[in-house]
Trainee: 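This is the structure I have questions about; it appears just below.
Computed from a predicted model, the values in this text were never measured in an experiment.
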Amino acid sequence: QSMYRNGGQSDFLMLLVIDHEAGTLRRLQIERDTVARIHVLTVLGQDGGYRNLQICLSHGYGTNQEECAQNTLEAVSHYLDGLQIDLFMAVDYETIGPVNDLLGGVTVTLADDFTDLDPAMARGTTLTLRGKQAEWFVRSRMTIGDGTNASRQVRQREWLEKATALLEEKVRADSGFLNTLMDSMGSRLVTNASQGRIVNEFNRAVGYTRPPVEQIPGTYGMSSAGFVEYHTDPDEVTRWVLDAFYRPAEQTDSNRDSAQEDA
């Protein structure tokens with residue numbers, strides 16, 4: 001492949017919305033097969049314009065991992081009605097095992113059979129994932145269960161919820177743990193934020209209310225080339241953006257009036 005089209009696909013996409021005023025942390029999981037407007041490059045690295053493709057493919061275009069991540073950021077921003085996204089973090093799947101182990105291991109009950117990968121990972125087994133087991137749990141798809149990304153997303157959300165709870169416990173016990181965790185990722189972590197900024201944001205958000213992970217409603221179909229596509233209604237996208245980032249005018253006016261009365 002060309003060096004301009006070799007960034008790999010972004011199999012897991014999640015937008016975090018941290019509201020320090022309300023004390024909430026909302027999480028939007030974006031289906032990797034969502035059809036969106038993405039910027040593409042030619043095999044010679046020239047501007048190929050924009051095409052409506054699976055949003056996961058946006059990460060494939062760029063000369064390095066930073067450019068690939070920025071291209072994905074642009075695709076997600078455009079998909080969400082031009083929403084400005086301040087920070088991004090991109091990590092390689094190979095970090096999942098080490099992160100899982102640093103957290104002490106995420107415990108799950110397997111709804112699917114993974115014995116082709118590890119004899120210990122039989123369906124119905126409850127076990128604490130170790131090393132590669134954690135990566136297989138969140139990454140494997142084609143040979144697991146019904147083979148769909150929809151099913152894989154359920155596993156990804158389960159691991160994420162339990163890993164987040166473990167991370168909060170570790171940070172409360174050791175204020176330097178998050179730095180240790182990020183250091184362990186090394187060059188496999190690509191971000192436009194300083195480590196200090198990420199640590200500060202996390203420390204402020206520890207204990208915030210976390211509603212269940214959200215996903216914009218859509219329908220699955222097949223492209224003319226035989227690839228799975230997830231189509232969302234633009235009105236549903238706008239509805240989510242408005243709900244997550246805006247308050248009704250009357251609520252804003254009421255808050256302003258209350259503040260004036262208090263003064």
Trainee: Listed by chain and number, what are the salt bridge (Lys or Arg N to Asp or Glu O under 4.0 Å) partners of R123, not counting sequence neighbours?
Mentor: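 So R123 forms no salt bridge (Lys or Arg N to Asp or Glu O under 4.0 Å) with any residue.
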
Trainee: Can you see whether T128 engages T107 through a side-chain donor-acceptor pair at a distance of less than 3.5 angstrom?
Mentor: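 Yes, side-chain donor-acceptor contact under 3.5 Å.
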
Trainee: With V154 as reference, evaluate E158, R157, Q156, R152 under the side chain to side chain contact (heavy atoms under 4.5 Å, CB included) test and give the passing residue.
Mentor: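 Filter result, single survivor: R157.
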
Trainee: How would you list, by chain and number, every residue that makes a salt bridge (Lys or Arg N to Asp or Glu O under 4.0 Å) with E161, sequence neighbours excluded?
Mentor: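 By the salt bridge (Lys or Arg N to Asp or Glu O under 4.0 Å) rule, E161 matches R27.
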
Trainee: For the CZ atom on R51, are there more than 12 heavy atoms of other groups (residues, nucleotides or ligands in this structure) within a distance under 6.0 Å?
Mentor: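 Not buried by this count: 12 neighbours or fewer within 6.0 Å.
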
Trainee: Clusters formed by hydrophobic residues whose side-chain heavy atoms approach within less than 4.5 Å: which one holds V35, and what are its other members?
Mentor: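 Reading the cluster by chain and number, V35 sits alone, since nothing else belongs.
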
Trainee: Return the set of residues passing salt bridge (Lys or Arg N to Asp or Glu O under 4.0 Å) with D33 (not counting sequence neighbours), or none when no residue passes.
Mentor: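 None.
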
Trainee: Hey, what else clusters with V228 if you join Ile, Leu, Val, Met, Phe, Trp, Tyr whenever side-chain heavy atoms sit under 4.5 Å?
Mentor: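 Joined to V228, directly or through intermediates: Y220, M222, Y230.
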
Trainee: Between R197 and D86, does any side-chain N to carboxylate O distance fall below 4.0 Å?
Mentor: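 D86 and R197: not salt-bridged.
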
Trainee: Minimum heavy-atom separation for G48 and T42, please, with both atom names.
Mentor: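 Nearest pair, atom of G48 first, then T42: CA-CG2, 4.2 Å.
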
Trainee: Under the side chain to side chain donor-acceptor pair (under 3.5 Å) rule, collect the residues that match up with K132, sequence neighbours excluded.
Mentor: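 Listed in chain order: E135.
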
Trainee: Within a 6.0 Å radius of atom CZ on F227, are there more than 12 heavy atoms belonging to other residues, nucleotides or ligands?
Mentor: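 At most 12 heavy atoms, drawn from other residues, nucleotides or ligands, come within 6.0 Å of this atom.
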
